[in-house]
Student: 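Handing you a structure now.
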Amino acid sequence: MRRAVCPGSFDPVTNGHLDIVSRASKLFDEVVVAVLINKSKRSLFSVEERMDMLREVCAEFPNVKVDAFHGLLVNFCRDRDIVAIVKGLRAVSDFDYELQMAQMNSSLAPVETVFVPTSPAYSFLASSLVKEVATYGGDVSGLVPERVLPDLMARLRETRDGEKQG
Ligand code: PNS
């Protein structure tokens, strides 16, 4: 059993993430999509909400599971018998930091990082940009799974209304 992890914040999951997860699911026997629990970072969706969305959009891949982790990714890998970390590379600009993390992780534990080039259709995609564009009325359908779009729009509306009142 060769198990890999696709780690990230997934706030929210985008079609770019899904593309990488789908391709990783063809390379490994099992893929764990792992949501980082990061209490110091403000997120739009709770970890549970992000995991629910991921479970639904990944349901079409029978060998993909969804989990969450905190602390070091390599510890999660060790505990779950995960041999590889799969990361999407959107552009050369991603490479510097991703290489540094891959080398740090492999210095900490026997885990390989596998880089998958992002499909050109999604090379500009980031959850943060999706949220910004949607906040100002831009069309983000086609950038996030259909399941995510209504929740994203509703949460941005709630946030905006909350800010107006507060
Ligand atoms: O979607 P993101 O926020 O770009 O994902 C970043 C993530 C979760 C992959 C990265 O921050 C991470 O692995 N964090 C876990 C903490 C850790 O192991 N840090 C050492 C990395 S060398």
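Not measured: the values here are computed from a predicted model. In each ligand, atom 1 is the first atom listed, and ligand 1 is the first ligand listed. The chain is numbered in sequence order, starting from 1.
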Student: According to side chain to side chain contact (heavy atoms under 4.5 Å, CB included), who are the partners of Phe95, at least two apart in sequence or on a separate chain?
Tutor: Leu89, Leu99, Phe115

Student: What is the closest protein heavy atom to atom 19 (N) of ligand 1, and at what distance does it sit?
Tutor: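 The protein heavy atom lying closest is Leu72 CD2, 4.0 Å.
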
Student: So, 4.0 Å and heavy atoms of Gly71: is ligand 1 close enough to count as a contact?
Tutor: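 In this structure, Gly71 qualifies as a contact of ligand 1 - some heavy atom is under 4.0 Å.
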
Student: Looking only at heavy atoms, what is the nearest atom pair of Ala68 and Phe76, with distance?
Tutor: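 Heavy atoms only, the tightest pair is O-CE1, 3.7 Å.
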
Student: What protein heavy atom lies closest to atom 4 (O) of ligand 1? Include the residue and the distance to one decimal.
Tutor: Ser9 OG, 4.9 Å

Student: When rounded to the nearest 0.5 angstrom, what is the spacing between CG in Asp52 and CZ in Arg55?
Tutor: 5.5 Å

Student: For atom 10 (C) of ligand 1, what is the closest protein heavy atom, and at what distance to 0.1 Å?
Tutor: Met101 SD, 4.3 Å

Student: Hydrogens and angles aside, do Arg50 and Ser43 bring a side-chain donor and acceptor to less than 3.5 Å of each other?
Tutor: yes

Student: Starting from atom 18 (O) of ligand 1, what is the nearest protein heavy atom, named by residue and atom, and what distance separates them?
Tutor: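 The protein heavy atom lying closest is Leu73 N, 2.9 Å.
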
Student: Starting at CD1 of Ile82, measure out to CG of Leu73 and round the result to the nearest 0.5 Å.
Tutor: 7.5 Å

Student: Measure the distances from the heavy atoms of Gln100 to every atom of ligand 1 and state whether one is below 4.0 angstrom.
Tutor: no

Student: Got the closest protein heavy atom to atom 5 (O) of ligand 1, with its distance?
Tutor: Gly8 CA, 3.5 Å

Student: Which residue holds the protein heavy atom closest to atom 12 (C) of ligand 1, what is that atom called, and what is the gap in Å?
Tutor: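 In this structure, atom 12 (C) of ligand 1 has Phe69 CZ, 4.6 Å as its nearest protein heavy atom.
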
Student: Looking only at protein heavy atoms, identify the closest one to atom 11 (O) of ligand 1 and say how far it is in Å.
Tutor: Leu36 CD2, 4.2 Å

Student: Verify, without hydrogens or angle tests, whether Arg3 (side chain) and Arg80 (backbone) share a donor-acceptor contact under 3.5 angstrom.
Tutor: yes

Student: I need the nearest protein heavy-atom contact for atom 21 (C) of ligand 1: residue, atom name and distance, please.
Tutor: Asn105 OD1, 3.9 Å

Student: Please could you name the atoms of ligand 1 that Met104 approaches to less than 4.0 Å, counting only its heavy atoms?
Tutor: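 So the answer, numbered in order with elements, is 22 (S).
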
Student: Judged by modelled atom types alone, do Asp161 and Thr159 share a side-chain donor-acceptor pair under 3.5 Å?
Tutor: no

Student: So if I apply the side-chain hydrogen bond (donor to acceptor under 3.5 Å, both in side chains) rule between Asp11 and each of Lys41, Arg42, Lys131, which one comes out positive?
Tutor: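 The single option meeting the side-chain hydrogen bond (donor to acceptor under 3.5 Å, both in side chains) with Asp11 is Lys131.
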
